[in-house]
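For ligands, and for the atoms within them, numbers begin at 1 and follow the listed sequence.
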Amino acid sequence: MRVLAIESSCDESAAAVLDERLGLLAHELYSQVELHRAYGGVVPELASRDHVRRLLPLVRQALERSGTAPGQLGGVAFTAGPGLIGALLTGAALARSLAYAWQVPAVGVHHLEGHLLAPLLEAAPPPFPHVALLVSGGHTQLIEVAGIGRYRILGDTRDDAAGEAFDKTAKLLGLPYPGGPELARLAQSGTPGVFQFPRPMLDRPGLELSFSGLKTAVLHSLRGRELTPKLRADVARGVEEAIVGTLVAKAVRALEASGLDILVVSGGVSANQRLRAALTEAVGRRGGRVYYPRIEFCTDNAAMIAVAGLARLAAGEHDGLAIQSRAQWPLETLAAVPWRCEFGRSEDVS
Ligand code: KG4
Ligand code: ZN
């Protein structure tokens with residue numbers, strides 16, 4: 001089976017074509033970052049309007065680059081939620097209409113399931129079961145993943161997501177949106193240990209997380225001081241170390257609690273190099289192994305939506321003609337489906 005996938009949950013418009021035997025044949029992406037930068041964050045209405053402009057050309061490009069005629073498609077997958085509802089509806093309406101015109105099934109995909117399954121596109125995909133650390137702009141969760149659609153939330157953030165903590169503190173340092181990668185760049189020239197920001201919830205048992213205190217701590221440390229390049233870099237380094245330290249400690253704790261030794265890290269923040277290095281080291285020390293998506297599939301993209309969509313379409317799942325998008329959608333309500341796609345690889349990844 002070959003599928004077309006469309007992603008439009010936030011500020012990235014994307015389309016991809018995935019074949020169950022040949023693997024990923026095309027993935028196209030347009031980032032709206034420049035559009036939203038002047039406002040310091042994503043403006044939902046502008047995001048929706050831009051998706052409408054970008055998506056269809058991206059779809060045509062993905063079909064052309066992959067040499068795919070509509071008749072070769074077994075279905076169309078789209079991000080149905082969670083996300084900005086207007087933005088989601090643009091992709092859903094397009095995907096549903098194309099599927100209707102081409103007389104193939106359409107399936108709405110859970111955006112976070114897409115992030116969780118992105119590492120399946122790599123040459124050495126992670127085996128199930130594993131623990132996933134999902135760290136994006138809107139979510140920070142530790143999840144026990146027994147298979148596709150078999151998710152058990154082990155820990156969640158009580159307030160801000162890790163990406164949100166990066167973005168909010170970056171804003172305080174005067175960095176442009178999106179702050180995460182900018183803050184990580186600035187932190188490289190900072191001195192470790194100058195600022196020791198709180199690592200909340202580490203002194204307590206359990207797998208809950210909290211990042212809202214970090215912003216306040218940064219605000220206090222900047223108050224009344226001149227924002228010199230050295231101060232900014234040292235604060236950025238302190239912020240990155242606090243977030244990375246907290247995530248590593250909780251991820252290791254989740255492996256211990258579940259008795260598993262495979263960790264999968266995905267979502268936008270998994271692009272952070274210091275986080276990747278620290279997790280690889282900490283999990284390796286326990287004799288475990290960490291898997292990541294390639295950097296371009298850490299942040300939002302349509303390739304990951306194609307993986308989840310292909311698994312669900314191949315299992316016979318599909319939506320009706322009524323278009324359903326959901327701003328909120330609990331991951332644990334998804335149905336379990338098997339995964340047999342090898343993408344031309346000989347090993348069995350299920
Ligand atoms: O998964 P994603 O693209 O969108 C959501 O589904 O939320 O994640 C975006 C988040 C943003 O908060 C962004 O600042 C953060 O991922 N991010 C990073 C890095 N690259 C992206 N945070 C820290 N370091 C990075 N290198
Ligand atoms: Zn995302």
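Classified by interplanar angle (parallel below 30°, tilted 30° to 60°, perpendicular above 60°), the ring pair Trp339/Phe343 is perpendicular. Below 30°, between 30° and 60°, or above 60°: for Phe128 and His130 the angle between ring planes is below 30°, a parallel geometry.
Here the side chain of Gln72 pairs a donor or acceptor atom with the backbone of Ala69 at under 3.5 angstrom.
Heavy-atom minimum distance, Thr68 versus Val17: OG1-CG1, 3.7 Å.
Partners of Leu24 by side-chain contact (heavy atoms from CB on, under 4.5 Å), not counting sequence neighbours, listed by chain and number: Ala16, Leu18, His27, Leu121, Phe297, Ala303.
The closest approach between a heavy atom of Pro181 and any atom of ligand 1 is below 4.0 Å.
At a heavy-atom cutoff of 4.0 Å, ligand 1 is contacted by the side chain of His111 but not by its backbone.
Given atom 10 (C) of ligand 1, the protein heavy atom at minimum distance is Gly137 N, 3.5 Å. Of the protein's non-hydrogen atoms, the one nearest atom 24 (N) of ligand 1 is Asn272 ND2, 3.0 Å. Distance from atom 2 (P) of ligand 1 to its nearest protein heavy atom, with residue and atom name: Asp300 OD1, 3.4 Å. The shortest contact between atom 12 (O) of ligand 1 and any protein heavy atom is with Asp167 OD2, 2.7 Å. In terms of protein heavy-atom proximity, atom 20 (N) of ligand 1 is nearest to Gly268 O, 3.4 Å. Given atom 22 (N) of ligand 1, the protein heavy atom at minimum distance is Gly180 CA, 3.5 Å.
With waters neither drawn nor counted, the protein N/O/S atoms under 2.8 Å from the Zn ion (ligand 2) amount to 3.
Every atom of ligand 1 is numbered from 1 in the order shown, and the set under 4.0 Å from a heavy atom of Gly138 is 7 (O). Near Gly163, meaning under 4.0 Å from one of its heavy atoms, ligand 1 places the atoms 12 (O). Interface of His115 with ligand 1, defined as ligand atoms under 4.0 Å from a residue heavy atom, comprises 1 (O), 6 (O).
For the atom pair Leu214 CG and Leu219 CG, the distance stands at 11.0 Å (nearest 0.5 Å).
Under a 4.0 Å N-O distance rule, the pair Glu256/Arg253 does not qualify as a salt bridge. With respect to the salt-bridge test (charged N to carboxylate O, under 4.0 angstrom), the residues Asp160 and Lys168 qualify. With respect to the salt-bridge test (charged N to carboxylate O, under 4.0 angstrom), the residues Arg237 and Asp234 do not qualify.
For residues 133-182, there are no ring-ring contact (aromatic ring centres under 6.0 Å, His included) pairs, not counting sequence neighbours. Within the structure, side chain to side chain donor-acceptor pair (under 3.5 Å) contacts touching residues 73-86 (residues at least two apart or in different chains) are Glu7-Thr79.
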